[in-house]
Protein chains: 2
Amino acid sequence: MSNDKREHIMEVAVELFSTNGFEGTSIRQLAQRADVNIAMINYYFGSKEKLFETMLEHKASYMRNRIEAVEADQSLTEIEKLDQIIEDYVARFLSQPEFHRVLQQELLVSQREALHQNVISLFAKNTQNVVAIIEKGIRKKQFRKVDPPLVFSSIIGTINQVMQSRTLCNMLMNKASDNNPYQDPQFKKRLIQHLKQMIHAQLLIEKDI
Amino acid sequence: MSNDKREHIMEVAVELFSTNGFEGTSIRQLAQRADVNIAMINYYFGSKEKLFETMLEHKASYMRNRIEAVEADQSLTEIEKLDQIIEDYVARFLSQPEFHRVLQQELLVSQREALHQNVISLFAKNTQNVVAIIEKGIRKKQFRKVDPPLVFSSIIGTINQVMQSRTLCNMLMNKASDNNPYQDPQFKKRLIQHLKQMIHAQLLIEKDI
DNA sequence: AAAAGTTAATTAAACGTTTGTTTAAATTCT
DNA sequence: AGAATTTAAACAAACGTTTAATTAACTTTT
């Protein structure tokens, strides 16, 4: 089986799904853009929905749980772990903006129930780990008595917010509308610094910000 | 013209659009759920897309810019303005979860270009005002030298994050999956408190948190 | 090493549904 | 009576999918 072609189709799929949504993308449109015959998509993936699932699985496997490794690392303090997680998240999201837009869409829309639940439990997994770290920091009296799940929501929500729309992000950052903030290393730095400053100020009791 | 019926259709529309997306919702499905004839939608609104636009406009008019009023209020300090804005945002979002999910979808998907731009400029407007408040606070040396647009992204992003999926929100908050967090006054209180604490800790130089 | 045979890949065309929309007749309201 | 509303039926277009025929790529046989 020509894996190149399969991957090429998935690449085009994530692109189209991210800008037009799943229902808003037709097989014909996809086939034309990928320069393959319409029947090839069903030949390779079985159905449009299977293509979607396969593509998600394929993309998700690229970025599997570094967070668990960070949590287990005994040599890091709790705040260092959070810093590490912030850097990881930002790096991942920025490296695959289209994929993460598709994930967000799938969270918002509960049309394909099974997939919807899959994406939810994927998020839930990461939540548990980060919440556990924050709770540990509180128990050790290194952190203030914050609301752990909402702190996590603020980290992930901030990133999601700027990833939601390139145009909106440029507007926010006062950049030209043809700019691509997600490939701009300065934007990445800025986002990481903001998140760290926010988390440090909110969590740390001693003020060494 | 029977305005009741028009509004009823729009009510069902925002419900279906929020769970199935615009493309994922069919006129027939909508007509059946609203208990009207299929042709009535085109009779009242002209087309499916016009219904969508009209519904957005109708819903948006309910929650027009209190933020501008808050900004103009001379009797409030900058941090008090931000507190007020946080309360306003949370109250609005929680009162219309379906509508805001539709807005978020429209930001993610750039299928209907004109509408997409409309939603963007609606957000952009609010951004400008909040950013201006934060900048003023920095100039007055009441706030730390934070990144104003990203601070705003964190506020709005946190709310969006918990509004994205009821299931995810319940999972996050350790509630039963049939719970409706958006109608729970305790959740509202918790969210507001978290946001205020976050913003205060991050912005205020003196530590009267 | 060439030919025959077998499987995999690719194609254009057609399939039955479903889509949003329109029509023209019937009903209701003023 | 006349205008606004409501209806069931029909419209063409687009949808995801399947089919059956053709080409390409390997394997096996001689």
Residues passing the side-chain contact (heavy atoms from CB on, under 4.5 Å) test with B/Gln193, sequence neighbours excluded, are none
A/Lys136 meets the side-chain contact (heavy atoms from CB on, under 4.5 Å) criterion, sequence neighbours left out, with A/Glu78, A/Arg139, A/Lys140
Residue pairs meeting salt bridge (Lys or Arg N to Asp or Glu O under 4.0 Å), one or both in residues 95-124 of chain B, sequence neighbours left out, come to B/Glu23-B/Arg112, B/Glu106-B/Arg112
Per the under-4.0 Å heavy-atom filter, residues of residues 47-54 of chain B near DNA chain C come out as B/Ser47, B/Lys48
In short, salt bridge (Lys or Arg N to Asp or Glu O under 4.0 Å) pairs touching residues 149-174 of chain A with sequence neighbours left out are none
Ring pair (Phe, Tyr, Trp, His ring centres under 6.0 Å) pairs touching residues 147-167 of chain B, sequence neighbours excluded, are none
Q | Backbone N/O of B/Ala34 and side chain of B/His8: donor-acceptor pair under 3.5 Å | A | yes
Checklist entry - Do side-chain atoms of A/Arg144 reach the backbone of A/Gln202 as a donor and acceptor pair under 3.5 angstrom? => result yes
Residues passing the side-chain contact (heavy atoms from CB on, under 4.5 Å) test with A/Lys175, sequence neighbours excluded, are A/Asn170, A/Met173, A/Asn179, A/Asp184
Atom pairs, protein N/O to nucleotides 24-26 of chain D N/O, distance under 3.5 Å:
none

Q.
Taking A/Asn160's backbone N and O only, do any of them form a donor-acceptor pair with A/His100's side chain (distance below 3.5 Å, no angle check)?
A. no
Are any non-hydrogen side-chain atoms of A/Phe99 and A/Leu56 less than 4.5 angstrom apart?
yes
Terminal axes of the helix from C/dA1-D/dT30 to C/dT30-D/dA1 (5 end pairs apiece), angle rounded to 10 degrees, sit apart by 10°
In whole angstroms, the gap separating C1' of C/dA8 from CZ of A/Arg6 amounts to 14 Å
B/Ile9 atom CD1 is separated from C/dG20 atom C1', nearest whole Å, by 15 Å
By side-chain contact (heavy atoms from CB on, under 4.5 Å), B/Ile27 pairs with (sequence neighbours left out) B/Ile38, B/Ile41, B/Lys48
Contact check, residues 15-26 of chain A vs DNA chain D, heavy-atom distance under 4.0 Å, returns A/Thr25, A/Ser26
Q.
Donor-acceptor pair, distance only, cut-off 3.5 Å: does the side chain of B/Gln96 make one with the backbone of B/Lys59?
A. no
message: Is any side-chain heavy atom of A/Arg190 closer than 4.5 Å to one of B/Pro149?
response: yes
By nearest-nucleotide position on DNA chain D, the 5'-leaning member of A/Gly46 and A/Gln29 is A/Gln29
Worksheet item: Is the number of heavy atoms from other residues, nucleotides or ligands within 6.0 Å of CD (B/Gln117) greater than 12?
Response: yes
Rounded to whole Å, the CZ-P distance (B/Phe45 to C/dT22) equals 15 Å
*asked:* Between A/Gln29 and A/Ser26 (side chain of the first, backbone of the second, donor and acceptor by atom type, cut-off under 3.5 Å), is there such a pair?
replied: yes
In 5'-to-3' order, the base (B), backbone-only (S) or no-contact (-) status of each nucleotide in nucleotides 10-17 of chain C, using a 4.0 angstrom heavy-atom cut-off, is BBB-B---
